[in-house]
Amino acid sequence: MRFSINGADHEIDFDIRTSLLDLLREHLQLTGTKKGCDQGACGACTVLVDGERINACLALAVQYQGRAITTIEGLGTPGHLHALQAAFVEHDGFQCGYCTPGQICSAVGMAAEARRGVPSVVTADLAATQIALDHDELRERMSGNLCRCGAHNGIIDAVRQVLAKEAA
């Protein structure tokens, strides 16, 4: 089976019951994506597929052949961090670091959703084409990614800072 992951093509033979998370971690050694609950409840396994965020633990890898998959390893490098990675460092949004890759991938996908005008449960005007990512919108849109160590406020501050710069 053929996959496009972080801009590179991979030809991989594996059991068709393999989750996308296990394909990434066990077959490709892309261990940035974390296995948390393995039930889709914590968001530690969040990756981007064609720019949209998904829980890789709930997805069968075979469903994503030929689609552009991006993990945390594809967003930045140690010498050239993605803006969100740098903001997480600046705002101490990565205390234990376990949820960080999923949080960052989720924030990238969430920002794209908001730019497309996709409403959330707290969006006041469902017909709006531009959605202001205020405090409540950010918290709601990031609610699928849990932080158990207490860095949540730093995470929201980091996301808010980067999105404010993108909007400017």
Side-chain angles (χ1 to χ4, degrees), residues 3-7 19-21 23-24 30 32-76 80-91 93-94 97-148 151-168:
F3 292 88
S4 175
I5 302 169
N6 299 329
S19 71
L20 181 56
L21 176 60
L23 175 76
L24 296 169
L30 293 170
T33 305
K34 304 300 184 212
K35 185 177 280 198
C37 67
D38 213 18
Q39 298 176 2
C42 74
C45 66
T46 304
V47 297
L48 302 168
V49 176
D50 295 332
E52 294 189 24
R53 53 190 173 159
I54 67 161
N55 290 332
C57 72
L58 296 179
L60 290 174
V62 298
Q63 296 173 278
Y64 297 95
Q65 293 180 80
R67 296 179 69 187
I69 300 166
T70 305
T71 68
I72 192 69
E73 291 93 345
L75 289 180
H80 185 41
L81 296 178
H82 184 280
L84 278 164
Q85 291 169 319
F88 268 61
V89 172
E90 181 182 336
H91 290 279
F94 67 96
Y98 200 81
C99 73
T100 304
Q103 296 273 5
I104 291 172
C105 285
S106 186
V108 169
M110 177 269 303
E113 291 166 10
R115 282 192 298 272
R116 290 193 317 269
V118 176
S120 79
V121 71
V122 299
T123 303
D125 180 3
L126 298 180
T129 56
Q130 293 200 343
I131 298 170
L133 293 173
D134 61 19
H135 179 80
D136 291 337
E137 278 286 348
L138 282 177
R139 287 194 179 274
E140 171 59 30
R141 289 171 183 268
M142 293 297 292
S143 67
N145 292 82
L146 304 179
C147 170
R148 293 183 174 100
H152 192 72
N153 289 331
I155 290 166
I156 296 299
D157 290 345
V159 172
R160 182 179 298 125
Q161 173 189 310
V162 170
L163 296 182
K165 285 180 183 176
E166 286 180 2

With R67 via salt bridge (Lys or Arg N to Asp or Glu O under 4.0 Å) - residues at least two apart:
D50
If we only count heavy atoms from C-beta on, is the [X] to [Y] side-chain gap below 4.5 Å?
| X | Y | answer |
| --- | --- | --- |
| V159 | R141 | no |
| S106 | M142 | yes |
| Y64 | L23 | no |

Using every non-hydrogen atom in the two residues, find where [X] and [Y] come nearest and quote the distance to one decimal.
| X | Y | answer |
| --- | --- | --- |
| S120 | E140 | OG-CG, 3.8 Å |
| L146 | A41 | CD1-O, 3.8 Å |
| H82 | L75 | CB-O, 3.3 Å |
| F94 | V89 | CE2-CA, 3.5 Å |
| C37 | G40 | SG-N, 3.4 Å |
| T46 | G102 | CB-O, 3.6 Å |

Within residues 35-44 or reaching into it, pairs that qualify as side chain to side chain donor-acceptor pair (under 3.5 Å) - sequence neighbours excluded:
D22-K35
List in chain and number order the residues that pass ring-ring contact (aromatic ring centres under 6.0 Å, His included) with Y98, two or more places apart in sequence or in another chain; answer none if no residue qualifies.
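By the ring-ring contact (aromatic ring centres under 6.0 Å, His included) rule, Y98 matches no residue at all.
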Could you walk me through whether R160 and D157 pass the salt bridge (Lys or Arg N to Asp or Glu O under 4.0 Å) test, one step at a time?
CA-CA 5 Å; R160 182 179 298 125; D157 290 345; 3.4 Å; yes
How far apart are the C-alpha atoms of Q63 and V49, what are their side-chain angles, what is the distance that settles it, and do they pass the side chain to side chain contact (heavy atoms under 4.5 Å, CB included) test?
CA-CA 11 Å; Q63 296 173 278; V49 176; over 6 Å; no
Take I155 and N145 through the test side chain to side chain contact (heavy atoms under 4.5 Å, CB included) and record every step on the way to the result.
CA-CA 10 Å; I155 290 166; N145 292 82; over 6 Å; no
